[in-house]
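For reference, the structure discussed in these notes is given below.
Not measured: the values here are computed from a predicted model.
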Amino acid sequence: MTSYDLTGRKALVTGGAQGLGEGMAGALAAAGAAVAIGDVNADTGRRTVESLLSNGTKAEFVELDVTDDSAWEAAIETTVGALGGLDILVNNAGVEVTSLLIDLDAAAAARMLEVNILGTALGIKHGFRAMRPEGPAGSGGAIVNVASVAATIAFPGIGVYSATKSGIDRLTRVAAAESGKLGYGVRVNSIYPALTPTAMGNKLAVDCAELGLFPSPEAAAQAVAELTPLGRLGQIDDMADAVVFLASDAAKFITGAGLPVDGGMGM
């Protein structure tokens, strides 16, 4: 049986300074990978790298605005140089602004579209360029895009965010088809995380209560748990373990797939 051992692999995790990204970076490191943290939050990102280094992981921080094409070029170059290659890219960076559609703010919507969709698309672009046979890494690999259960359910207050995460699903499938057709040797998959009590998840619960959708943040979280067959919210390690699986040789014949990690909520 193929294991989830990632010894010798080199990974870049966007939005890896905190929350889900930090957990994913830690799980990849625990499986044996060297890890670069790409984030706009340099102070937090460097602290996360210091924690990885203290546990014996080869790690690097790269400042990365995922909406900036040139920033991606620099981040990939730094990652390949510092880690000695690139085999795994996790497009995790994302933003969520809660709003009823009747109160939609165009600037906030544009920001979600830029970070969540354009940021993921640019990640795929530069991941392909690095990992394909003629690229600076050149050994193929795996890209894991982070969508959301919001792509599969209709939950009030997150209309544009849900649309962006649905867009990541389509990007994933087209990218997998292009990689296979053109011989890049890169598998592309996505995960659909459940609501998880990170800073972003907790803020969503607070925002939903402030919009009058639920009587309190606790009621909002409880409503999500009640919609989930497994009866609880997701945890960071639930999502991180799924990323390790999709990045590993245990998933070597899986591409273009969307893996729900939502306790059954979106089925």
Taking the side chain from Ser248 and the backbone from Ala250, do they hold a donor-acceptor pair closer than 3.5 Å? yes

Take atom CD of Glu77 as the centre, draw a 6.0 Å sphere, and report whether it contains more than 12 heavy atoms from other residues, nucleotides or ligands. no

Pair Lys165 + Asp169, salt bridge at N-O below 4.0 Å: no

Is Tyr192 close to Ser148 at the side-chain level, that is, under 4.5 Å between some pair of heavy atoms? no

Is there a continuous path of hydrophobic side-chain contacts, each under 4.5 Å between heavy atoms, that joins Met24 to Ile236? yes

Is any side-chain heavy atom of Val97 less than 4.5 Å from a side-chain heavy atom of Asp105? no

Would you say CZ of Arg129 has more than 12 non-hydrogen atoms from neighbouring residues, nucleotides or ligands within 6.0 angstrom? no

How long is the span from the CE atom in Met112 to the CG atom in Leu118, to the nearest 0.5 Å? 15.0 Å

Measure the shortest side-chain to side-chain distance between Leu182 and Phe128 over non-hydrogen atoms and say whether it is less than 4.5 angstrom. no

Taking it one step at a time, do Ile88 and Leu12 satisfy side chain to side chain contact (heavy atoms under 4.5 Å, CB included)? CA-CA 6 Å; Ile88 300 163; Leu12 168 61; over 6 Å; no

When every non-hydrogen atom of Pro197 is compared with those of Gly234, the smallest separation belongs to CD-O, 3.1 Å

Can you list the steps and then say if Lys58 with Leu83 is a side chain to side chain contact (heavy atoms under 4.5 Å, CB included)? CA-CA 7 Å; Lys58 187 174 184 178; Leu83 303 185; 4.2 Å; yes

Just so I know, are the side chains of Asn116 and Val95 near enough to count as touching, which here means a heavy-atom distance under 4.5 Å? yes

Donor-acceptor pair, distance only, cut-off 3.5 Å: does the side chain of Arg187 make one with the backbone of Ala251? yes

Validation row: Thr67, Arg111 side chains within 4.5 angstrom (heavy atoms): yes

Say whether Val261 and Leu233 are linked into one hydrophobic cluster, either directly or through other cluster members, by side-chain heavy-atom distances under 4.5 angstrom. no

Single-linkage hydrophobic cluster Val40~Met200, side-chain heavy atoms < 4.5 angstrom: no

For Ala71 and Asp65, work out which heavy atoms get closest and say how close. CB-O, 3.8 Å

Mind listing the closest non-hydrogen atom pair of Ala205 and Ala220 along with its distance? O-CB, 4.0 Å

If you round to the nearest 0.5 Å, how far is CD of Glu50 from CZ of Phe61? 11.5 Å

Assess whether a salt bridge exists between Arg46 and Asp39, defined as any Lys/Arg side-chain N lying under 4.0 Å from an Asp/Glu carboxylate O. no

Grab the two heavy atoms, one from Cys208 and one from Pro156, that are nearest each other, plus how far apart they are. SG-O, 4.2 Å

Walk me through whether Asp69 and His126 qualify under side chain to side chain contact (heavy atoms under 4.5 Å, CB included). CA-CA 9 Å; Asp69 210 3; His126 290 283; 2.6 Å; yes

State yes or no: do Ile117 and Val146 share one hydrophobic cluster built from I, L, V, M, F, W and Y residues joined by side-chain heavy-atom distances below 4.5 Å, directly or via other members? no

Do Ile76 and Leu86 come within less than 4.5 Å of each other through their side chains, counting heavy atoms only? yes

Counting only N and O atoms by type, is there a donor-acceptor contact under 3.5 Å from the side chain of Asn145 to the main-chain atoms of Ile168? no

Which heavy atom of Leu52 sits nearest a heavy atom of Ala25, and at what distance? CD2-O, 4.4 Å

Polar side chain donor-acceptor pair, Asp68 to Ser70, under 3.5 angstrom: yes

Going by distance alone, is a donor N or O of one side chain under 3.5 Å from an acceptor N or O of the other, for Glu96 and Thr98? yes

Between the main-chain N or O of Arg47 and the side-chain N or O of Ser51, is there a donor-acceptor pair closer than 3.5 Å? no

Using modelled atom types only, decide if a donor and an acceptor are shared between the side chain of Thr152 and the backbone of Val149 within a distance under 3.5 Å. yes

Thr164 side chain vs Tyr161 backbone, donor-acceptor pair below 3.5 Å: yes

Is any side-chain heavy atom of Leu89 less than 4.5 Å from a side-chain heavy atom of Met131? yes

Could Lys203 and Asp207 be called an ion pair, given the rule that one side-chain N must be under 4.0 Å from one carboxylate O? yes

Using the side chain to side chain contact (heavy atoms under 4.5 Å, CB included) definition, which of the options Val35, Ile37, Val62 pairs with Thr79? Val62

Within one Ile-Leu-Val-Met-Phe-Trp-Tyr cluster: Val90 and Ile124, side-chain cutoff 4.5 Å: no

Is it the case that the side chain of Asn189 and the backbone of Ile254 share a donor-acceptor pair, with hydrogens and angles ignored and the cut-off at 3.5 Å? yes

Distance check, rounded to the nearest 0.5 Å: Asn41 atom CG versus Glu63 atom CD? 9.0 Å

Which distance, rounded to the nearest 0.5 Å, do you find between the CG of Leu246 and the CG of Asp241? 11.0 Å

Expected output: side-chain Asp103 to main-chain Leu100 donor-acceptor under 3.5 Å: no

Do Thr196 and Met239 have side chains that get closer than 4.5 Å, going by heavy atoms? yes

Phe155 and Phe214 aromatic ring geometry - parallel, tilted or perpendicular at 30°/60° bounds: parallel

Spacing of CD1 belonging to Ile191 relative to CG belonging to Leu20, to within rounding of 0.5 Å: 7.5 Å

Nearest-0.5 Å distance that lies between atom CG in Leu171 and atom OG in Ser190: 10.0 Å

Side-chain ion pair, Asp249 and Arg9, N-O less than 4.0 Å: yes

Any side-chain donor-acceptor pair under 3.5 Å between Gln222 and Glu218? no

Main-chain N/O of Thr14 paired to Asn92 side chain as donor or acceptor, under 3.5 Å: yes

Taking Asp87 for its side chain and Lys10 for its backbone only, find out whether a donor-acceptor pair lies under 3.5 Å. yes

Given Ile143, Thr172, Asn91, Val66, the one that forms side chain to side chain contact (heavy atoms under 4.5 Å, CB included) with Thr120: Asn91

Where do Ala142 and Ala247 come nearest, in terms of heavy atoms and distance? CB-CA, 4.1 Å

